[in-house]
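What follows is a set of notes on a single structure, which appears directly below.
Just so you know, these numbers use all the heavy atoms, side chains as well, and skip hydrogens, waters and symmetry mates. Just so it is clear: chains get the letters A, B, ... in the order the sequence lines come, proteins before strands, and each one is counted from 1.
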Number of protein chains: 2
Amino acid sequence: MEFKQARIFVAVAEELHFGRAAERLHMAQPALSAQIKHLEAELGLKLFERTTRRVSLTRAGEAFLPEAKAAIAQAEAAVAAARAMAGEHDLLKIGGVDSATAGLLPRIVRRFRNRNSAVELKIFELLSAPALHDLANRSLDIGFVRIRPKQDHLASAFVFTEPVVAVLPSDHALAGEKAVAASELGGEPLVIPSRSHRPILFDVIHDYLRGHGVEPNIRQEANERHMIISMVAAGLGISLVPEWVSQFKRDDVVYLPLADGGPSVDVHIAWRQNDPMDVVHEFVRCVLEPD
Amino acid sequence: MEFKQARIFVAVAEELHFGRAAERLHMAQPALSAQIKHLEAELGLKLFERTTRRVSLTRAGEAFLPEAKAAIAQAEAAVAAARAMAGEHDLLKIGGVDSATAGLLPRIVRRFRNRNSAVELKIFELLSAPALHDLANRSLDIGFVRIRPKQDHLASAFVFTEPVVAVLPSDHALAGEKAVAASELGGEPLVIPSRSHRPILFDVIHDYLRGHGVEPNIRQEANERHMIISMVAAGLGISLVPEWVSQFKRDDVVYLPLADGGPSVDVHIAWRQNDPMDVVHEFVRCVLEPD
DNA sequence: AATCAATTATAAATATTATTGATGGCCGTC
DNA sequence: GACGGCCATCAATAATATTTATAATTGATT
């Protein structure tokens, strides 16, 4: 018997339903059926009496259930014992762009902690490229990035997209509007990060403005979010930022949506495809599951 | 953690030697190394301190060892509980040609029982073709056959070969010789099984005689071994039989080796390639191991 | 030091096993 | 007796494990 089969058996025994057990284990139902079948074949007996309408434990299955649970518990105790002796505990290193770390993560972290309290999380704020580099290095276990990794040992999945919004000084002529259009920004001096620092955002802003016939007029490059906002507040110019930045409310700036189908930037989660740490995959599921 | 990995870990921990542990588990050493590596990666710690000269447990490994053993024991207890409740016990159905069942098996069975006392063995005497058929049917778990199966879900391995010897009435002119040659058998009346009953032996005898320029002179067909021997004893003719038959000593017949490179017949063991019953594979190993 | 024998690690190829998505067919209910 | 839910089966694919051959390392020995 393999540990995996024991877990599958227990799930089915508790749900008395192959489909729900499969869902609980995040696997497809035929895979689960096959494993139960293998287990029964190895034991040389039936564990479940099943029709398409009813699943019930056989007497052998009933005898097996508590023992199988004990085996699982003992296996987990073994893992815990080794970790305790090594003074190790699960540590998940998470990093990525500010949209994710500042905007999304607090909610996700709360959800994850509820299910998995023994795991320590460390969060780093990183740009996409270094985040992917650190993932490959194993300096990071989970990365939130704007660009999907091309390395084939890194897996990734789309998480969310968010619109880009304009930031203006409160005393700007357009500050009272509900929204602004690219055409209205013509000639406005811009305060944005350098291309080398935020290639995706930089390109997205350029493409958007040029696509609407406006030549970007970059007054000032600034890489730090707060520096950009401060500069806008000081009247050096306006900026275009991902929507989450508008969490930072200040009296002296306003955030306005872009009226004419402004651009969006995406966030993807990336991790090492076959990371042996189970918590990595659990965290990924936690992020991807619908709300 | 998988139980397979736990078993591998325990073997290495007890042997403190990857190569010997691999041998004990009947697997290749790199496979074992890889599994230990995976386990360590999943735990996020080293279980063994190892150089090419010395293997020792880390402190984590020491803590892990008794717990891992307990997990394995608990898993086995679970299996036992299910089997006990189902009133099932391992039953190995073994069948095959008489050379194997009468000649080889007694020794093998003794060896197997020593290691695996809880398994009941049932032994059937069958010809090769029905044995293979029953294997496919699951009416049989292990088959000893003269012809290797072609079905690709049946695995097989060579077990032994034995020479064919001549059986003559004690009062035959050649009965005093140390050995007989094909040429001396020219014209002798033969008592042998029909081709349909023992195709391999039949063909081997024909090929041997014709290969030495002797045309077989079949006096009588008889399928049962004892019938053949009795007929030879009664002076109806001579016969050619696999050597093991000479176990049946009688005053009125003599067994003589064939002088001129007489033919041999082989025995192979066959089983279902991926039989889920562990004891099947253990039995096979028991048969194939040297000695 | 340099060599040697023993032993684990690595690599590439292969074999095995698990998983998935699509679908069939059974069972109980309406 | 048709219907809907649900497990089994199938074929294709993906993932994983295993093997053989070989490299690289270690510690003892010359």
Side-chain angles (χ1 to χ4, degrees), chain A residues 1-9 11-13 15-42 46-58 61 152-155 271-276 278 280-281 284-285, chain B residues 1-9 11-13 15-42 46-58 61 152-157 271-278 280-281 285:
Chain A
M1 176 184 57
E2 286 307 319
F3 185 71
K4 192 190 310 187
Q5 296 174 325
R7 279 207 323 251
I8 289 173
F9 166 78
V12 176
E15 300 283 348
L16 290 178
H17 189 294
F18 280 56
R20 278 197 296 278
E23 202 177 337
R24 173 164 144 188
L25 297 171
H26 308 288
M27 64 194 293
Q29 170 263 319
L32 181 145
S33 289
Q35 286 305 318
I36 292 288
K37 201 169 142 188
H38 286 163
L39 181 55
E40 288 180 330
E42 186 188 327
K46 279 241 163 303
L47 291 166
F48 297 102
E49 215 59 74
R50 48 200 186 271
T51 71
T52 60
R53 281 317 252 189
R54 241 168 25 83
V55 175
S56 62
L57 283 163
T58 60
D152 64 355
H153 62 285
L154 295 185
W271 66 97
R272 285 181 297 278
Q273 174 117 40
N274 291 324
D275 197 308
D278 293 337
V280 167
H281 304 283
V284 171
R285 277 201 298 272
Chain B
M1 174 186 59
E2 288 303 323
F3 285 124
K4 190 192 308 189
Q5 296 173 326
R7 278 181 230 114
I8 289 172
F9 166 78
V12 176
E15 300 283 349
L16 291 177
H17 189 295
F18 281 57
R20 277 197 296 277
E23 201 176 337
R24 173 164 143 187
L25 297 172
H26 308 287
M27 65 193 294
Q29 167 265 318
L32 181 145
S33 289
Q35 288 304 321
I36 292 289
K37 201 168 141 188
H38 287 164
L39 182 54
E40 289 180 329
E42 186 188 327
K46 278 242 162 303
L47 292 166
F48 296 103
E49 214 59 75
R50 48 199 187 271
T51 69
T52 59
R53 283 314 253 188
R54 242 164 28 86
V55 174
S56 63
L57 284 164
T58 60
D152 63 356
H153 62 285
L154 295 185
S156 67
W271 66 98
R272 287 180 297 277
Q273 173 120 42
N274 292 324
D275 197 308
M277 282 177 69
D278 292 337
V280 168
H281 305 283
R285 277 202 297 274

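- With E42(B) as reference, Q5(B) is the one residue of E2(B), K37(B), Q5(B) to meet the side-chain contact (heavy atoms from CB on, under 4.5 Å) rule.
- If you check every strand for non-hydrogen atoms under 4.0 Å, Q5(A) touches nothing.
- Heavy-atom neighbours of R54(B) CZ from other residues, nucleotides or ligands within 6.0 Å: at or below the threshold of 12.
- A donor and an acceptor atom sit less than 3.5 Å apart, one in the side chain of T52(A) and one in the base of dC26(C).
- Residue E23(B) places its CD atom among 12 or fewer non-hydrogen atoms of other residues, nucleotides or ligands, all under 6.0 Å distant.
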Decide yes or no on side chain to side chain contact (heavy atoms under 4.5 Å, CB included) for L154(B) and R272(B), but give the supporting numbers first. CA-CA 4 Å; L154(B) 295 185; R272(B) 287 180 297 277; 3.7 Å; yes
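- Taking only side-chain atoms of A28(B), from C-beta outward, the nucleotide of dT19(D), dA18(C), dA9(C) with the closest atom is dT19(D).
- Map L16(B) and M27(A) each onto its nearest nucleotide of DNA chain C; the residue landing nearer the 5' end is L16(B).
- Taking the side chain of P30(B) as heavy atoms from C-beta on, and the options dA21(D), dG21(C), dT18(D), the nearest nucleotide is dA21(D).
- The interatomic distance linking Q273(B) (CD) with dT14(C) (C1') rounds to 14 Å, in whole Å.
- For the OP1/OP2 pair of dT8(C) and a distance below 4.0 Å, the side-chain nitrogens and oxygens of K37(B) include no atom meeting the criterion.
- Regarding contacts with the backbone of dA9(C), a side-chain N or O of S33(B) is found under 4.0 angstrom from either OP1 or OP2.
- In this structure, the CG atom of L32(B) is 11 Å from the C1' atom of dT8(C), given to the nearest Å.
- Rounded to an integer number of Å, the gap from CZ of F18(B) to C1' of dT26(D) is 15 Å.
- Note on N274(B): a side-chain N or O is less than 4.0 Å away from OP1 or OP2 of dT17(C).
- In the set dT18(D), dT19(C), dC7(D), the nucleotide with an atom closest to the side chain of R50(A) is dC7(D).
- dG21(C) atom C1' lies 19 Å from atom NE2 of H26(A), rounded to whole Å.
- Counting atom types as modelled, Q29(B) pairs a side-chain N or O with a base atom of dA9(C) as donor and acceptor under 3.5 Å.
- In this structure, T51(A) does not reach the dC6(D) phosphate: none of its side-chain N or O atoms is under 4.0 Å from OP1 or OP2.
- Distance L39(A) CG to dT17(C) C1': 16 Å, rounded to the nearest Å.
- Per the geometry, CZ belonging to R54(B) stands 10 Å off P belonging to dA28(D), to the nearest Å.
- Side-chain N/O atoms of K4(A) include none lying less than 4.0 angstrom from OP1 or OP2 on dT17(C).
- Using cut-offs of 30° and 60° for the angle between ring planes, the F48(A) and F9(A) rings count as tilted.
- Mapping V55(B) and I8(A) onto DNA chain C by nearest heavy atom places V55(B) closer to the 5' end of the strand.
- Formation of a donor-acceptor pair under 3.5 Å by the H281(A) side chain with backbone atoms of D275(A) is found in this model.
- dG5(D) atom P lies 18 Å from atom CD of E15(A), rounded to whole Å.
- In this model, the phosphate group of dT8(C) is approached by a side-chain N or O of H17(B) to a distance below 4.0 Å at OP1 or OP2.
- In this structure, R53(B) reaches the bases: a heavy-atom distance under 4.0 Å links it to at least one base atom across the strands shown.
- Distance, E49(B) CD to dT7(C) C1': 16 Å, rounded to whole Å.
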